[in-house]
Amino acid sequence: MAKNSGFLLELLRDPMRKSARTNAARPLLDEGGRRPMTDYEDLIYEVTDPVALITINRPKQRNAFRGQTMHELRHAVESAVADERVVGIVATGAGEGFCVGLDAANLVQAVKNGPRSTSEATVGSEAPALFSYLRDVPKPVIAAVNGTCAGGGFVLAIMADLRFVAKSAAFHTVFSKRGLIAEHGTSWLLPRLIGVGRALDLLWSSRRVDAAEAASIGLADRVVDDDDLVDTAVSYIRDLAKSASPRSLSVSKELVYNHLDREWHEAAVDADVAMQNSVRSADFAECVASFVEHRPPRFFRIGDPGRDGAVVGDAEML
């Protein structure tokens, strides 16, 4: 890696940088990739079938992230992808804040390091944006925004599939107040969530957007009482696990993101191919059988070894 690589690119370049869709979790190494670690320093990771709950656990720093935090977040997500018990992932923050972005000490280091060269515009096949790998996770990802959500924390929230927001929470883009621009893909994603004018307003002003306004402009998908936030997000995943095919959730997520920048005809053809694959899937056969037998369906979980051969014919599974 070139010496003038920026600090934020360093955060993205960890030993587990392949797509979370295909990459099983590996032994966690320290921030420099040198020694195995047995426990997370900056996170709490809990799996209670069917939910993986990831909590950024740096409340004294308002859950600001450093390199170690980024490294552990990636590892925790990949662990959840590889765990057949997990149907969906919920990410939240410890204490009164969700995440205020990059730790101040690391901001100073980023200035010292200077910008990376333009030739380093991508990290492998990934976009050079924090948390862009969440789009490739074949399971629902919900950001449970429990307090201040700013800078890189704002990026984490909008890279999630859904945002459940506590009534006391607030969003700040921050970038313009730091002399920065709409970084980490926010210029592409935010207008698609809330519209061009609203996106420019939030990016230009960096003003505080409370939960009620976030809901009114489409930034928040649910607004709930503070004490009910995590339980509401967890319950949403539990309800999906009871009634929906994890394969269907995964394919629908992939189609939605892939079709954001495709023409209508191409998207329709793509969706039709995916539908034909679904009709030949073991999950569809199970749905029909459960309907005939008057019982709840027993769908395959993603990561379940029993999924091998779960599609009839030559259709591919995710």
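Residue numbers run from 1 in the order of the sequence given.
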Quick one: is the NZ or CZ of R247 closer than 6.0 Å to the six-membered ring centre of F299, and within 45° of its axis?
no
Can you see which heavy atom on A143 is nearest to which on A157, and at what distance?
CB-CA, 4.0 Å
Sequence neighbours left out, what passes salt bridge (Lys or Arg N to Asp or Glu O under 4.0 Å) with E96? Give chain and number order.
none
Any idea which heavy atoms bring A94 and N57 closest together, and the distance?
CB-OD1, 3.5 Å
Partner residues of D231 under the side chain to side chain donor-acceptor pair (under 3.5 Å) criterion, sequence neighbours left out:
none
Applying side chain to side chain donor-acceptor pair (under 3.5 Å) to S248 and not counting sequence neighbours gives S245
Got a sec, which residues hit salt bridge (Lys or Arg N to Asp or Glu O under 4.0 Å) with R192, two or more places apart in sequence or on another chain?
none
Any non-hydrogen side-chain atom of H172 less than 4.5 Å from a side-chain atom of S206?
no
Within residues 80-101 or reaching into it, pairs that qualify as ring pair (Phe, Tyr, Trp, His ring centres under 6.0 Å) - sequence neighbours excluded
none
Main chain of D42, side chain of R58: is a donor-acceptor contact present, judged purely on distance under 3.5 Å?
no
Answer yes if L134 and L260 sit in the same cluster of Ile, Leu, Val, Met, Phe, Trp and Tyr residues linked by side chain heavy atoms under 4.5 Å apart, and no otherwise.
yes
Can you name the salt bridge (Lys or Arg N to Asp or Glu O under 4.0 Å) partners of D228, sequence neighbours left out?
none
Are L43 and T55 packed together at the side-chain level, in the sense that at least one heavy-atom pair is separated by less than 4.5 angstrom?
no
Report yes or no: do Y40 and H75 form a side-chain donor-acceptor pair below 3.5 Å?
yes
Would you compute the distance between atom CZ of R74 and atom CZ of F131 and round it to the nearest 0.5 angstrom?
11.0 Å
Less than 4.5 Å apart, any side-chain heavy atom of V137 and any of M159?
no
Within residues 141-160 or reaching into it, pairs that qualify as ring pair (Phe, Tyr, Trp, His ring centres under 6.0 Å) - sequence neighbours excluded
none
Spell out, yes or no, whether Y257 and V141 are grouped together once hydrophobic residues are joined by side-chain heavy atoms under 4.5 Å, including indirect joins.
yes
Does any part of the side chain of I158, heavy atoms only, come nearer than 4.5 Å to the side chain of L193, both counted from C-beta?
yes
Within this structure, what is the CE-CG distance for the pair M70 and L102, rounded to the nearest 0.5 Å?
8.5 Å
Please assess I56 against T69 for the test side-chain contact (heavy atoms from CB on, under 4.5 Å), listing each intermediate value before the final yes or no.
CA-CA 8 Å; I56 304 174; T69 320; 4.1 Å; yes
Report the C-alpha separation of L73 and Q68 in whole Å, then their side-chain angles, then the decisive distance to 0.1 Å, and conclude whether the side-chain contact (heavy atoms from CB on, under 4.5 Å) test is met.
CA-CA 9 Å; L73 273 168; Q68 185 68 22; over 6 Å; no
Are F65 and L156 packed together at the side-chain level, in the sense that at least one heavy-atom pair is separated by less than 4.5 angstrom?
no
With sequence neighbours excluded, what pairs up with K242 under the side chain to side chain donor-acceptor pair (under 3.5 Å) test?
none
Is there a side-chain contact between V86 and I302 in this structure, where contact means two heavy atoms from C-beta onward sitting under 4.5 Å apart?
no
Any chance you could measure I194, atom CD1, to I217, atom CD1, to the nearest 0.5 Å?
4.0 Å
Main-chain N/O of G97 paired with N63 side-chain donor or acceptor, under 3.5 Å
yes
Is the number of heavy atoms from other residues, nucleotides or ligands within 6.0 Å of CG (D261) greater than 12?
yes
Can a salt bridge be assigned to the pair D83 and K139 using a cut-off of 4.0 Å between side-chain N and carboxylate O?
no
Identify whether the distance between the nearest side-chain nitrogen and carboxylate oxygen of R198 and E213 falls below 4.0 Å.
no
When you compare the side chain of V100 with that of Q61, does any pair of heavy atoms fall below 4.5 Å?
no
Between atom CD of E72 and atom OG of S79, what is the distance when rounded to the nearest 0.5 Å?
11.0 Å
Can you get from W188 to L190 by hopping between Ile, Leu, Val, Met, Phe, Trp and Tyr side chains that sit under 4.5 Å apart?
yes
Residue pairs involving residues 149-163 (criterion salt bridge (Lys or Arg N to Asp or Glu O under 4.0 Å); sequence neighbours excluded):
D161-K253, R163-D221
Please go through L240's hydrophobic cluster and name the other residues, only I, L, V, M, F, W, Y counting, with side-chain heavy atoms under 4.5 Å joining them.
V51, L53, V87, V90, I142, L162, F164, V224, L229, V230, V234, Y236, I237, L249
Indicate yes or no: does D226 engage K167 in a salt bridge with an N to O separation below 4.0 Å.
no
Under a 4.5 Å cut-off applied to non-hydrogen side-chain atoms, are T148 and F171 in contact?
no
Pairing of E41 and R66 as salt bridge, 4.0 angstrom limit
yes
Counterpart residues, salt bridge (Lys or Arg N to Asp or Glu O under 4.0 Å), relative to D239 (two or more places apart)
none
Check for a donor-acceptor pair, side chain of R85 on one end and backbone N or O of A80 on the other, with a separation under 3.5 Å.
no
Which residues satisfy the side chain to side chain donor-acceptor pair (under 3.5 Å) test with T92, sequence neighbours excluded?
N146
